[in-house]
Participant: 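Below is one structure. I have some questions about it.
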2 protein chains.
Amino acid sequence: MAAEQDPEGRAAARPLLTDLYQATMALGYWRAGRARDAAEFELFFRRCPFGGAFALAAGLRDCVRFLRAFRLRDADVQFLASVLPPDTDPAFFEHLRALDCSEVTVRALPEGSLAFPGVPLLQVSGPLLVVQLLETPLLCLVSYASLVATNAARLRLIAGPEKRLLEMGLRRAQGPDGGLTASTYSYLGGFDSSSNVLAGQLRGVPVAGTLAHSFVTSFSGSEVPPDPMLAPAAGEGPGVDLAAKAQVWLEHVCAHLGLGVQEPHPGERAAFVAYALAFPRAFQGLLDSYSVWRSGLPNFLAVALALGELGYRAVGVRLDSGDLLQQAQEIRKVFRAAAVCLVGDPWGSVPIAVSNNIDEEALARLAQEGSEVNVIGIGTSVVTCPQQPSLGGVYKLVAVGGQPRMKLTEDPEKQTLPGSKAAFRLLGSDGELAEEPAPQAGQELREPCTVRPAQVEPLLRLCLQQGQLCEPLPSLAESRALAQLSLSQLSPEHRRLRSPAQYQVVLSERLQALVNSLRAGPSP
Amino acid sequence: MAAEQDPEGRAAARPLLTDLYQATMALGYWRAGRARDAAEFELFFRRCPFGGAFALAAGLRDCVRFLRAFRLRDADVQFLASVLPPDTDPAFFEHLRALDCSEVTVRALPEGSLAFPGVPLLQVSGPLLVVQLLETPLLCLVSYASLVATNAARLRLIAGPEKRLLEMGLRRAQGPDGGLTASTYSYLGGFDSSSNVLAGQLRGVPVAGTLAHSFVTSFSGSEVPPDPMLAPAAGEGPGVDLAAKAQVWLEHVCAHLGLGVQEPHPGERAAFVAYALAFPRAFQGLLDSYSVWRSGLPNFLAVALALGELGYRAVGVRLDSGDLLQQAQEIRKVFRAAAVCLVGDPWGSVPIAVSNNIDEEALARLAQEGSEVNVIGIGTSVVTCPQQPSLGGVYKLVAVGGQPRMKLTEDPEKQTLPGSKAAFRLLGSDGELAEEPAPQAGQELREPCTVRPAQVEPLLRLCLQQGQLCEPLPSLAESRALAQLSLSQLSPEHRRLRSPAQYQVVLSERLQALVNSLRAGPSP
């Protein structure tokens, strides 16, 4: 029942969510008497996604939840026994049954921090066998979270601070949890809200949504609502038949727009009336089920004006097809003229929301100076990250038994940096991030050019110590604020989305010397 | 505890895994007295993914699990109440508390069937309010499953029937369930196995995996295993110190290869020995942690030959960097020569496995005639479907209250086909799928050109009737077999992956007439 009572319980990844080779290696370490050797791994990526020069660190809260719950159940151990050699020593399975993360220590970039190639997002230390088993789930939990947060941050930078961005990609995600992760971390990256109700329930993401075409097309206009009456917003005075009032307004609207009163689709109007009866304070019209100009817009105006007479204000319209920018401009003109001619009311400013496969390029157009679009719903291109659908995170052994380890493959891109490391960020006097790291007491840092940082920030924070949470994790909203602050500190040449200047990460002299000595030949 | 005891329990999607607008529309329908109107939706896609001419239907088993478990808990209803207007009639929430899928009927393409644009993968009928709420979760469960199964099928077509394909993309997936879905449905689409242990435990996908670079680099060579002895494969005779025996073989191997005996990395050899002690019958060498030619290959040969002396046979090598095809050719030559010179044994045929960002193009090269590659591990490009990371599935209202419904938007691509439909597939006399549908008793089908099908197959099967499962679902392996059979029946011009002939789906005369009449003007 515990899983049912904890709303997040079911969301924690299971320990067998791992690659089989982690389990086979576990047996290999155990057989070699090395299960409890002290080891340290680093999780990092090698290149910033999407051709940019930054990424946002994210996924730590899911890692912490996973690590604290990590425990192999009997059924898990039995399954592993079924895929490992039948003559495996039963003592190995006893060892697995007793495993947890009580000896694991994690240092991490706080969620919402800037992350750069080669700098660890996580440093995980503990007994070799267990920290090896954690590789796949930690990569799974960090990589996509960081990718989608970075993608969302790019979209936010393109949209500017004023546009409201709604994530609505659940149906395009890789199954249920893909959607939950996408909604959570696109909010962290800078979106305002999500359509995903579960992300609201489990993660506290603000949720938003009104109606779809199916609602509109489900009405023919011949339906008779059980209660057509709507009370005035102020709550005093008799109720009014909203459909009848909208019909009266429709005549004014059609006259104003030069349309025949038969042209607007009666089913669409009935749908708008039904929605307005349920949401008189949050009525939004979806305009393009039939024809925006001959049906959606006049029907919306008729219902919005009827609501207005009762003291309610429509919250907006939505467009889901066609040239969204141009339609928004024209609709705004109609709203302004209608407001002046028909009611003398300022609701010409009613928000215009748009959606329909909006990518970075389309968003840049919708966000241009003078655009009348206020709310932008993005699904596929935030959730699937089509420009680069995976971050390519890696988790590499850097030390074991206190000795640095390095992968010296012939592919230079796949070489690793040995040893347990610290990472620092150097800020210029204006608070912007400086170009290169520079010395600090106790840290030898190589300087390809001279930098005098005004501040030096240690990047990695102690998050779990011997399995214990060291400080409460920030809320999702706090991490979201940190992301926006971090991005604002990044200099414009690194923040640029196309052909940015690469942010420089340099090695200390001592680390460089260690790399050179390990490259020189087999380690002792 | 039920969720804990049912290994799949936690995997069922939750009812609030939906877009908020489904809940707001639910309130709209309820307020309009239409919650229980009979409605039918169809789930389909508009274009085949990846520029191909086919897709595989998948995800049905997850939909069935979701629908049978569908029930809003108190906490779910309370959350919805918190985001809906505060003055919402409490009777609406009582209605939600009582909801389940006991009045929902689903017809579906069986998993592993071929799917084409516009032809429903699911037909979902039941009370309007509940079938509307199901939209997002059903799209989420079907779209990615079908996309990744189709992607896997393409990779299988490229690889041919002989190569063993291993899915290993868990760390590149959209969080835990993205990985589970990917592993499940890439197996359905034609892969042989997955690295994902959870997919093995929960879904019965065959799992595979051996060792990673971190295992290799964790050894320096100075480690002393608690028990270095290995008994012969036949189980008789005294154990042998495997490391010592490998050291003896190393001298022969280095002499044979013209290498100094100090060149191969001692830590790598120690790692191979440790792995072989744990898996004497399943020893695989990962060759590229240091240098394939100067270290990985001689170390592998030394340990494999030592094992061979004890009657064990190595199961292969793996390469994870560099030119995989060329290295495989050269390694095969070395194996053959070494087998002849050193042992006179046929193990020159030991399988060669490769991995490292393999996409369709790289796979085609590895699968070419004469390639010595036997096993191909694919992660990112099967799981993330980078050519097109979402299927773009839609779920459209086609009938309500027995009346056909159609979205008549000005965007012709977004128009829908009205009414409850049947779908048939026409097979030529050779069992291959014919070009066009043709008439059948009781079905008026328009014929743009004349076809005489030898067989007519109804495509959609009754899956759930009033919430009850109509027949047991096939096992995953059965669906995988259906997928391979279906693909073999598709004619080569439709199966082609680039610039294929489009498979034709035509409307019956009656359906075309209905479309025309609904287009002509507002429905009654």
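Computed from heavy atoms alone, side chains included, the values below leave out hydrogens, waters and symmetry copies. In what follows, chains carry the letters A, B, and so on, assigned in the order in which the sequence lines appear, proteins first and then strands, with residues in each chain numbered from 1.
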Participant: Would you say F279(B) and L84(A) make side-chain contact, with heavy atoms under 4.5 Å?
Facilitator: yes

Participant: Below 4.5 Å, heavy-atom pairs only: which of E268(A), Q22(A), E135(A) has the largest tally toward chain B?
Facilitator: E135(A)

Participant: Within a strict 4.5 Å, meaning less than it, do heavy atoms of the Y29(A) and S218(B) side chains meet?
Facilitator: yes

Participant: Given that the side chain runs from C-beta out, which part of D76(B) has a heavy atom under 4.5 Å from chain A: side chain, backbone, both or neither?
Facilitator: both

Participant: Output yes when a side-chain donor or acceptor of Q201(A) lies under 3.5 Å from a complementary backbone atom of F79(B), and no otherwise.
Facilitator: no

Participant: Less than 4.5 Å to any heavy atom of chain A: does that hold for the side chain of F41(B), its backbone, both, or neither?
Facilitator: side chain

Participant: Has R172(A) got a side-chain atom pairing as donor or acceptor with C140(B)'s backbone, closer than 3.5 angstrom?
Facilitator: no

Participant: For the candidates G200(A), P15(A), S183(A), A270(A), which exhibits the highest count of non-hydrogen atom pairs separated by less than 4.5 Å from chain B?
Facilitator: G200(A)

Participant: When rounded to the nearest 0.5 angstrom, what distance separates OH in Y275(B) from CZ in R31(A)?
Facilitator: 13.5 Å

Participant: Identify which of S82(A), S295(A), P225(A), A173(A) forms the greatest number of heavy-atom pairs closer than 4.5 Å to chain B.
Facilitator: A173(A)

Participant: Quick one: does Q284(A)'s side chain get under 4.5 Å of Y21(B)'s, heavy atoms only?
Facilitator: no

Participant: If the test is side chain to side chain contact (heavy atoms under 4.5 Å, CB included), which one of V207(B), V197(B), N196(B) qualifies with L16(A)?
Facilitator: V197(B)

Participant: Specify which of L139(B), T380(B), T18(B) makes the most heavy-atom pairs with chain A at under 4.5 Å.
Facilitator: T18(B)

Participant: At a heavy-atom distance under 4.5 Å, which candidate from G178(B), G33(B), S390(B), S214(B) has the highest pair count against chain A?
Facilitator: S214(B)

Participant: Using 0.5 Å steps for rounding, measure from the CG atom of L198(A) to the CZ atom of R14(B).
Facilitator: 5.5 Å

Participant: Please identify, among L397(B), T181(B), L17(B), the residue contributing the most non-hydrogen atom pairs under 4.5 Å to chain A.
Facilitator: L17(B)

Participant: Below 4.5 Å, heavy-atom pairs only: which of T24(B), V148(B), L211(B) has the largest tally toward chain A?
Facilitator: T24(B)

Participant: Does the side chain of Q403(A) reach to within under 4.5 Å of the side chain of S220(B), using non-hydrogen atoms?
Facilitator: no

Participant: Between the main-chain N or O of L138(B) and the side-chain N or O of R171(A), is there a donor-acceptor pair closer than 3.5 Å?
Facilitator: no

Participant: Is it the side chain or the backbone of D320(A) that comes within 4.5 Å of chain B heavy atoms, both, or neither?
Facilitator: both

Participant: About how many Å separate OG1 of T136(A) and CE of M168(B), when rounded to the nearest 0.5 Å?
Facilitator: 10.0 Å

Participant: For the residue pair V383(B) and Q174(A), establish whether any side-chain heavy-atom pair is separated by less than 4.5 Å.
Facilitator: yes

Participant: Any cation-pi pair here, R34(A) with F219(B), using under 6.0 Å and within 45°?
Facilitator: yes

